[in-house]
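Note that the numbering runs from 1 along the sequence shown for the chain.
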Amino acid sequence: ASVSNGVFLCLACSGKHRGLGVHISFVRSLTMDAWKPEQLQAMELGGNELFRKLMQEHGLTGASLDQRYSAAPAAEYRKSLQASARQSLQAPSPAQASERQSVQAPS
């Protein structure tokens with residue numbers, strides 16, 4: 001998986017992505033690597049379909065791998081995805097918010 005881009009990859013493509021550099025595509029194995037909560041969240045927020053739509057919207061589907069992932073829209077997407085992952089981990093879940101309210105409510 002490319003955590004940076006929130007997409008799942010086959011084994012052959014993971015090697016190509018590793019060649020792009022970690023600043024463009026940080027690759028993790030689904031089974032052999034340890035994952036941080038922020039990385040898991042980026043995968044949940046991203047997805048292959050979302051990235052594919054981004055490439056289509058910017059006319060990058062026919063571009064080379066390097067051109068697609070080095071393009072400005074892809075860089076902005078990575079930045080936004082990572083920020084959203086961090087932010088969503090900091091925001092309380094509905095259950096946590098409800099729990100806080102019940103604790104704070106006068107009895």
Side-chain angles (χ1 to χ4, degrees):
S2 171
V3 177
S4 311
N5 298 288
V7 296
F8 292 95
L9 308 167
C10 69
L11 185 59
C13 291
S14 69
K16 293 176 184 178
H17 273 255
R18 287 183 193 277
L20 295 173
V22 296
H23 63 291
I24 293 177
S25 188
F26 185 68
V27 177
R28 307 296 302 153
S29 168
L30 297 179
T31 57
M32 297 187 302
D33 290 320
W35 287 65
K36 297 178 182 177
E38 185 178 308
Q39 294 170 332
L40 293 170
Q41 189 65 19
M43 295 303 295
E44 286 188 29
L45 295 173
N48 292 42
E49 185 63 26
L50 187 61
F51 192 80
R52 188 177 2 262
K53 286 180 182 178
L54 174 78
M55 294 293 103
Q56 289 172 343
E57 289 171 6
H58 293 281
L60 293 166
T61 53
S64 71
L65 182 75
D66 186 47
Q67 290 171 330
R68 279 192 309 260
Y69 285 87
S70 297
E76 184 57 39
Y77 172 80
R78 283 191 295 276
K79 183 179 175 182
S80 176
L81 179 62
Q82 300 310 313
S84 295
R86 281 191 302 275
Q87 183 180 13
S88 66
L89 287 175
Q90 294 171 353
S93 70
Q96 291 170 326
S98 175
E99 187 177 295
R100 287 181 187 163
Q101 288 175 354
S102 66
V103 170
Q104 295 172 354
S107 40

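- Under the 4.5 Å side-chain heavy-atom criterion for ILVMFWY residues, a single connected hydrophobic cluster contains both L81 and L9.
- Between I24 and R78 there is a side-chain heavy-atom pair separated by less than 4.5 Å.
- For the atom pair M55 CE and T61 OG1, the distance stands at 9.0 Å (nearest 0.5 Å).
- In this structure, OG in S4 is found 15.0 Å from NZ in K79, a value given to the nearest 0.5 Å.
- Between S25 and L20, the shortest heavy-atom contact is CB-CD1, 4.2 Å.
- Not one N or O on the side chain of R68 forms a donor-acceptor pair closer than 3.5 Å with the backbone of L60.
- Partners of R18 under the side-chain contact (heavy atoms from CB on, under 4.5 Å) rule, at least two apart in sequence or in another chain, are V27.
- For Q41, the side-chain contact (heavy atoms from CB on, under 4.5 Å) partners are E44, L45, A85, S88, L89, not counting sequence neighbours.
- Legend: residues meeting side-chain hydrogen bond (donor to acceptor under 3.5 Å, both in side chains) with S64, ordered by chain and number and at least two apart, are Q67.
- Here the CD-OH distance, from Q82 to Y77, works out to 9.0 Å after rounding to the nearest 0.5 Å.
- Take D66 and apply the side-chain hydrogen bond (donor to acceptor under 3.5 Å, both in side chains) test, not counting sequence neighbours, and it matches S70.
- Taking hydrophobic clusters as Ile, Leu, Val, Met, Phe, Trp and Tyr residues chained together by side-chain heavy-atom distances below 4.5 Å, V3 shares a cluster with F8.
- Residue L50 is not grouped with residue M43 when hydrophobic side chains (ILVMFWY) are merged at heavy-atom distances under 4.5 angstrom, including chains of intermediate members.
- Atoms OG and CD, from S80 and Q87 in turn, are 9.5 Å apart once rounded to the nearest 0.5 Å.
- Contacts classified as ring pair (Phe, Tyr, Trp, His ring centres under 6.0 Å) and involving residues 9-47 (residues at least two apart or in different chains) are given here: H17-Y69.
- In this structure, the salt bridge (Lys or Arg N to Asp or Glu O under 4.0 Å) partners of E49, at least two apart in sequence or on a different chain, are R52.
- With S14 contributing its side chain and L11 its backbone, the two residues share a donor-acceptor pair below 3.5 Å.
- With rounding to the nearest 0.5 Å, the separation of NE2 in H58 from CD in E76 is 9.5 Å.
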